[in-house]
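A short write-up of the structure that comes next.
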Number of protein chains: 2
Amino acid sequence: MTRPLTSAERALATLRDLIMGGELAPGARLGEVELAERLGVSRTPVREALSRLAAEGLVEIAPNRGARVATWTVAELEGVFDLRSVLEPQLTAHAVPNATPADVDELDALARRMHEVGTPGPGQDLDALVPLNRAFHDRLVALAAHPTLATALAAAIHPPIVRRNFLTYDEASLRRSLAHHSEIVAALRAGDPEWARAVMTSHIANARAVMVRAARVRMAEQVAREEESA
Amino acid sequence: MTRPLTSAERALATLRDLIMGGELAPGARLGEVELAERLGVSRTPVREALSRLAAEGLVEIAPNRGARVATWTVAELEGVFDLRSVLEPQLTAHAVPNATPADVDELDALARRMHEVGTPGPGQDLDALVPLNRAFHDRLVALAAHPTLATALAAAIHPPIVRRNFLTYDEASLRRSLAHHSEIVAALRAGDPEWARAVMTSHIANARAVMVRAARVRMAEQVAREEESA
DNA sequence: CTCCTCGAGATTGTGTGCAAACCTAGAGGT
DNA sequence: ACCTCTAGGTTTGCACACAATCTCGAGGAG
């Protein structure tokens, strides 16, 4: 029998989904009354939800000025990747001894399906890749069975970024990323934690490079726009 | 001109101090009305403060049942040390290129004072050691200039644990710990990030060993008490 | 033309009341 | 002796009202 959720918890979950799903873009204003009406509750639980989301880093609250969906500078994004490049390889290494053959098979299936939808060509479907990628990484984190590291990682990874990042992979980087997943499966099957750790380190470094390049492009576009309007 | 703090922020700061300072022991009940009276505000800001402390991991909230100061199992404590053993060496390595000679001198002074008050003998004063240790580590984290890693670390380190841990150092471990501080200063002066990283890794491993031993002792004591009362 | 001042409106911060959920203790049945 | 159920008091969850603060634009001084 599952306990009925409180209003504040529903508000929290709904807002989180809205932000992570991209319906609420970074920088969007989050008025308390507006959200309260939208969710059918009073401002009190909305405030509580916003407060907790702020602690998660998904929204930013300025005293007396309200909340906005968090935005990130390039430097902050690089910081997040620094953190991931330390935590995820460690978690992956932890996962190795815990992975049963059945677990490895499931990860293998995910990696194969990512190849199917991710390989450039007629069958490519990048939108399908995002949830598969997420499932793969979540599965690995779960196998690590290390709540503290997992929590620290979850606090750092902001899915809107990952999602956006995925759409900016160039062909070579995307192929590398897909190959990494398969190679992690191989390392798991071999029971070699150092191998798995090394691949995951490469995987994050690759993602980081994609992110930095995309950020540079966005910045150049913005400069162009500003000069145009000047 | 510094903005006057809101009631919720005062409540948050006060509660955090009470918990970190040890006035509110782990497991202590945190009734909203009691805290509200104690802080001279209504329940609303208290609720907000508790909610944020819960997000920080310092208190645990059970729906409809109220808040308590967080407690940690040995496994959770070991998890925290796993996280620290990954993050702190990384932060320390980052700090090396940023440290000016003046910074190194300040850290050196802290390390020397820790030796003075920490060395077993007539001048020993373990209570003075705690703030010095904290100052040393905080200074290092600040030098790393890496907000993301620093935030992840701050979220994991619960000062009540560190404090309690310090009082359980045996003589050999304490000497090692003090020596580590001096050696980190030497690595900074030499400008060698890998040296600094290695020392910090040892430092955390040493602290972890002390924690595990202390936890075993506490567990044995508890078993003894339960058998006694049975 | 630029900068400052000052309201009106909107938005957040806090106090308070009430309903619902929870804990405790004790009566009664098995 | 043990379990079940219930009544009471206690505590939290939520809504609402009012106070405090901010935003933004109009108007005037320099």
Side-chain angles (χ1 to χ4, degrees), chain A residues 1-19 23-71 229-230, chain B residues 1-19 23-71 229-230:
Chain A
M1 193 60 163
T2 160
R3 172 179 59 79
L5 297 166
T6 65
S7 297
E9 284 171 324
R10 265 198 320 260
L12 180 63
T14 307
L15 281 177
R16 202 175 359 224
D17 286 350
L18 285 175
I19 294 174
E23 272 110 299
L24 291 170
R29 207 170 147 6
L30 299 170
E32 294 180 0
V33 290
E34 180 200 332
L35 293 175
E37 288 173 8
R38 188 162 172 178
L39 302 175
V41 295
S42 83
R43 281 174 48 215
T44 308
V46 171
R47 278 178 70 79
E48 187 165 335
L50 287 176
S51 180
R52 293 176 64 168
L53 287 171
E56 288 179 26
L58 240 66
V59 313
E60 291 164 345
I61 294 181
N64 285 314
R65 293 170 160 215
R68 322 187 74 89
V69 179
T71 59
S229 68
Chain B
M1 194 59 162
T2 161
R3 174 177 57 80
L5 296 164
T6 65
S7 298
E9 283 171 324
R10 266 199 319 263
L12 179 64
T14 307
L15 281 176
R16 207 184 345 235
D17 286 350
L18 285 175
I19 295 173
E23 271 111 298
L24 291 171
R29 203 167 152 2
L30 298 171
E32 294 181 0
V33 290
E34 180 201 332
L35 293 175
E37 288 174 7
R38 189 161 171 178
L39 302 176
V41 296
S42 82
R43 282 172 48 218
T44 308
V46 171
R47 278 178 70 80
E48 185 163 336
L50 287 176
S51 180
R52 292 175 66 169
L53 287 171
E56 288 179 25
L58 237 63
V59 316
E60 291 163 346
I61 294 181
N64 287 318
R65 294 193 188 182
R68 318 188 76 89
V69 179
T71 60
S229 67

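Side-chain atoms are counted along with the backbone in the values below, which use heavy atoms only and exclude waters and symmetry mates. Chain identifiers are assigned alphabetically (A, B, ...) following the order of the sequence lines, protein sequences preceding nucleic acid strands; residue numbering begins at 1 within each chain.
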Partner of B/Arg16 by side-chain contact (heavy atoms from CB on, under 4.5 Å), out of B/Ile19, B/Leu12, B/Thr14: B/Leu12
When rounded to the nearest 0.5 angstrom, what distance separates [atom1] in [X] from [atom2] in [Y]?
X	Y	atom1	atom2	answer
A/Leu39	A/Leu15	CG	CG	5.5 Å
A/Leu58	A/Arg52	CG	CZ	13.0 Å
A/Arg65	A/Arg29	CZ	CZ	11.0 Å

Grab the [atom1]-[atom2] distance between [X] and [N] for me, whole Å please.
X	N	atom1	atom2	value
A/Glu9	C/dA21	CD	P	14 Å
B/Leu12	C/dT14	CG	C1'	16 Å
A/Arg68	D/dT23	CZ	C1'	12 Å

Close side-chain approach of A/Thr71 and A/Glu60, heavy atoms under 4.5 Å: yes
Non-hydrogen side-chain atoms of B/Leu50 and B/Leu35 separated by less than 4.5 Å: yes
With sequence neighbours excluded, residues passing salt bridge (charged side-chain N to carboxylate O under 4.0 Å, His left out) with A/Glu48: B/Arg47
Contact residues, residues 38-60 of chain A to DNA chain C [heavy atom, < 4.0 Å]: A/Arg43, A/Arg47
B/Gly27 backbone acceptor or donor facing B/Arg68 side chain under 3.5 Å: yes
Contact under 4.0 Å: B/Thr6 side-chain N or O vs C/dG13 OP1/OP2: no
Base-contact (B) and sugar-phosphate-only (S) positions in nucleotides 5-11 of chain D, heavy-atom cut-off under 4.0 Å, - elsewhere: ------S
